[in-house]
Amino acid sequence: MYQAGIYCRVSVEEQDKESEYSNSIHSQIQMGRDYIAEQNDVAEIKIYADDGFSGSNFERTEFRRMLADIELGTIDMVIFKDISRLGREHIDTNYYIGKYFPEKQIRVVSILDNYDSAVSTYDELLEIKTLLNDMYLRDTSQKIKTTIQAKRSMGEYTPKQPPYGYIKSETIHNHLEIDSYAAEIVKRIYRMYRNGSGCSVISRTLNEDQIPCPAKYKKEVLKNGYAWNVGKGLWTPATVRGILKNPVYTGAVAIRKHERPSYKLKYRKAIPLEEMELVPDAHEAIISEEEFAQVQQIRQGRQVPYFDRNKEPHKYVGLLFCGKCKTAMRKRYLVSHNNFDGYMCGFHQKMGQNYCELNHITFEKLDELVVFAINQQLKQMRTDLKKLEVQIWQRKPEQDGKIARLQAKTERNTEYRKRAYEQFMDDILSKEEYLELKQMYENENRQYQKELTVLRQEEQKQQETVNQAKAWMEHFNRRKLTEKQLTRDVLVELIDKIYVYPDQKIDIYFKFTMNDDS
């Protein structure tokens, strides 16, 4: 008996459309259940419904849950309305249908495509259909982009959330109106910046004056449905910079602020301000064009390259964080106290001691602690590797015995099923008796195959752990790492994160660890 999951998906664009074969979640579920009702060897186990998800990528909540259930052995069959419900992206859809599902021994049924992997292979016609779906996705993406740009070229502000300082008009569609309270804060930010205050000073001042940051203001004051649920609710230098470089405050609408290399990618590249195509006088301005231009000129003069005073990149960048507030640590040079050159909590440096206590560590102390921890980790890995190799060697006879017994059982059941068929053909067994025996042998063999797969995966996982550990040992084959050898490449190779605490202690999370239960 197949344990089936019904997978359904509908995108936001398709939710309001109706057709002969409705794409609604309810319709897809019913179609799957109707199919199951016609089968004698399929049972419904779970429903997976991604409502409002595009088919352009596979990072969908219910789809990932379905994959997890496949890995756990909860389901061994997937049913969907047609191939476009699984996905519209050509390459990944073909990967799941042509490689992933077959490797996991998952039966796949696409109802409207008349495709059942149990009776037919994944053929060229289905591949062509996935290619057509991909072309449809690209065409839809282009149409949406063109529509949005056309609206913006007419002065409409199309994003759902208005920028801080504005609200959406209730009478004119996609038109911005000034929010008097927030607009005064925007003017204050521009005025402070022109008078010499930096973004850090401005953000700190606004926080000290207890002015809610844009996200908190939209959600808690305007109550406009803004889905803010992260961060500390404070102004940050990045928030201030975003306001200072946004031309919307001059009354303009940007036709494009970002460009995406491909419709399949979420990554977007910001278009430089000087290259943006702007539609002026789209709404009332908060900042004059002259004042905005002056601020951009000041910003250009204050830009600092992302290197230290020795023209060398920060070797701990992306790895070093404050253990108290989890903010990235930043290089800090104190000219009058050379012995205190090192790394400081970025949040403390930007916002002051009211937001995170002083957390500072010198370059020398950090390198000393990190080198010691790495050497201890490598030493422990050598010990653990020897233990693991002994464990694998000790378990191998028992593991091989289990595999041999399961293979023998599978071969025996295959022979029994063959004999049952011969007895059926010789009228020794009735059709009902034969089908019952056939089903029993197939179910048992399916279970044996699952157990074999688990055993082989365990063997493979253990061997991969050993191989990876040996590769690391060969890569770092020196008896002891020194501080001079602690380069950026070594840090990236070994370490995922480092947390620094005010008491000069650190926590290191290594990318590769071993334990006795591996």
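Within 6.0 Å of atom NZ in Lys326, more than 12 heavy atoms from other residues, nucleotides or ligands are found, so the atom counts as buried in its surroundings. Counting heavy atoms of neighbouring residues, nucleotides and ligands inside a 6.0 Å radius, atom CD of Glu398 does not exceed 12 of them. Other residues, nucleotides and ligands place no more than 12 heavy atoms under 6.0 Å from the CD atom of Glu436. In this structure, Lys409 places its NZ atom where only 12 or fewer heavy-atom neighbours from other residues, nucleotides or ligands lie under 6.0 Å away. In this structure, Asp34 places its CG atom where more than 12 heavy-atom neighbours from other residues, nucleotides or ligands lie under 6.0 Å away.
In plain terms, the two heavy atoms of Ala373 and Phe510 that are nearest each other are O-CZ, 3.7 Å. Shown here for Ile6 and Gln28, the closest heavy-atom pair between the two residues is CG2-O, 4.3 Å.
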Contacts under 3.5 angstrom, residues 415-429 side chains, donor-acceptor by atom type, not counting sequence neighbours:
unit_1 : atom_1 : unit_2 : atom_2 : d
Arg417 : NH1    : Glu442 : OE2    : 3.3

Could you go through residues 500-509 and list every donor-acceptor pair under 3.5 Å that involves a side-chain atom there, pairing it with any protein atom two or more places apart or in another chain?
unit_1 : atom_1 : unit_2 : atom_2 : d
Tyr501 : OH     : Asp507 : OD2    : 3.2
Asp503 : OD1    : Lys505 : N      : 3.2
Gln504 : NE2    : His360 : O      : 2.6

Run the salt bridge (Lys or Arg N to Asp or Glu O under 4.0 Å) check on Asp69 and Lys46 step by step: do they pass?
CA-CA 10 Å; Asp69 284 342; Lys46 283 190 179 182; 3.0 Å; yes
In sequence, state the C-alpha distance, the side-chain angles, and the governing distance for Gln447 and Asn443, and then conclude on side-chain hydrogen bond (donor to acceptor under 3.5 Å, both in side chains).
CA-CA 6 Å; Gln447 182 60 38; Asn443 289 342; over 6 Å; no
Under the side-chain contact (heavy atoms from CB on, under 4.5 Å) rule, what do Asp82 and Tyr115 come out as? Steps first, then yes or no, please.
CA-CA 9 Å; Asp82 61 52; Tyr115 172 71; over 6 Å; no
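In this structure, Tyr343 and Tyr316 have perpendicular ring planes: the angle between them is above 60°, well past the 30° mark. Ring geometry for Tyr7 versus Phe63: interplanar angle over 60°, hence perpendicular rather than tilted (30 to 60°).
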